[in-house]
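Proteins come first, then strands; the chains are lettered A, B, ... in the order of their sequence lines, and each starts at number 1.
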Amino acid sequence: GNSVTQMEGPVTLSEEAFLTINCTYTATGYPSLFWYVQYPGEGLQLLLKATKADDKGSNKGFEATYRKETTSFHLEKGSVQVSDSAVYFCALWMDSSYKLIFGSGTRLLVRP
Amino acid sequence: EAQVTQNPRYLITVTGKKLTVTCSQNMNHEYMSWYRQDPGLGLRQIYYSMNVEVTDKGDVPEGYKVSRKEKRNFPLILESPSPNQTSLYFCASRFDQRGGLADTQYFGPGTRLTVL
């Protein structure tokens, strides 16, 4: 079946460090891929998305490229801030399944 | 402002006492869905609805009911809550399940439920 695997957290970084959160997926077909962010005490917000292979989603300095050959959608940011501390979820959508399939989430802690 | 609202945001109840969590969206979305979030498991879909009077089970529907009598509302009903339903619940909506430009799913702020 379809699934998403994320790296285990927490990921702890110092401010201005480079961030990578790995995400790989298994899907029969061509899913759309998403990164959602959940700040403490809040709901999920869409961070970025990509709907086909080689698309790059970007927002707020975060980027992720849809890599069909490696079935990956890794999240990157060149210089993290304390305000980026949150839980990040990778997810996929297949039109045939009528649902978002989420990874288990990765908590990011950014220290000043 | 386009949004998905949920009520209540926090709820503590006891085993067996029926409760309803409301969800409403103002974006005229056809598709709505409920998820629960548990540590280490991410979010899992409980039920979804493709449109008014059309609902179907997700991955973890046991112990839950839903209804979709109006396009904007999609309440989640726990008729006899149990402690294993203690969780963080999210409602979400989306314009069209067939993808394309309108394929972003919008989430409500969440309802934290504790069943004692």
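Atom CG of A:Leu100 sits about 4.0 Å away from atom OH of B:Tyr35, to the nearest 0.5 Å. From A:Phe89, atom CZ reaches atom CZ of B:Phe107 across 9.5 Å, with rounding to the nearest 0.5 Å. Remark: A:Phe102 CZ to B:Gln45 CD distance equals 9.5 Å, nearest 0.5 Å. With rounding to the nearest 0.5 angstrom, the OH atom of B:Tyr31 is 9.0 Å from the NZ atom of A:Lys99.
Hydrophobic clustering, with ILVMFWY side chains joined whenever heavy atoms are under 4.5 angstrom apart, keeps B:Met32 apart from B:Val52. There is a path of hydrophobic side-chain contacts, each under 4.5 Å, that joins A:Tyr66 to A:Tyr88. At a threshold of 4.5 Å between side-chain heavy atoms, the hydrophobic network of Ile, Leu, Val, Met, Phe, Trp and Tyr places B:Met50 and B:Tyr47 in two separate groups. Residues A:Leu33 and A:Phe62 are members of one and the same hydrophobic cluster, defined by side-chain heavy-atom contacts under 4.5 angstrom among Ile, Leu, Val, Met, Phe, Trp and Tyr.
Of the residues considered (A:Ser104, A:Gly9, A:Ala91), A:Ser104 shows the highest number of contacts with chain B, using heavy-atom pairs under 4.5 Å.
Contact of A:Leu46 with chain B is made through the side chain alone, with heavy-atom distances under 4.5 Å. Interface residue B:Arg9: only side-chain heavy atoms are found under 4.5 Å from chain A. For B:Gln6, no part lies under 4.5 angstrom from a heavy atom of chain A. Of the two parts of B:Leu41, only the backbone, made up of N, CA, C and O, holds a non-hydrogen atom closer than 4.5 Å to a non-hydrogen atom of chain A. Neither the backbone nor the side chain of A:Gln45 comes within contact range of chain B; no heavy atoms are under 4.5 Å apart.
Under a cut-off of 6.0 angstrom, the local environment of OH in A:Tyr30 is sparse, with at most 12 non-hydrogen atoms contributed by other residues, nucleotides or ligands. For A:Gln81, the CD atom counts as densely surrounded, since its 6.0 Å shell holds more than 12 non-hydrogen atoms of other residues, nucleotides or ligands. Within a 6.0 Å radius of CZ in B:Arg112, no more than 12 heavy atoms belonging to other residues, nucleotides or ligands are found. The environment of CD in A:Glu16 is sparse: at most 12 heavy-atom neighbours from other residues, nucleotides or ligands sit within 6.0 Å.
For the residue pair A:Trp93 and B:Gln105, the shortest heavy atom distance occurs at CZ3-NE2, 3.2 Å.
Side-chain atoms of B:Leu88 and A:Gln38, non-hydrogen and from C-beta on, do get closer than 4.5 Å to each other.
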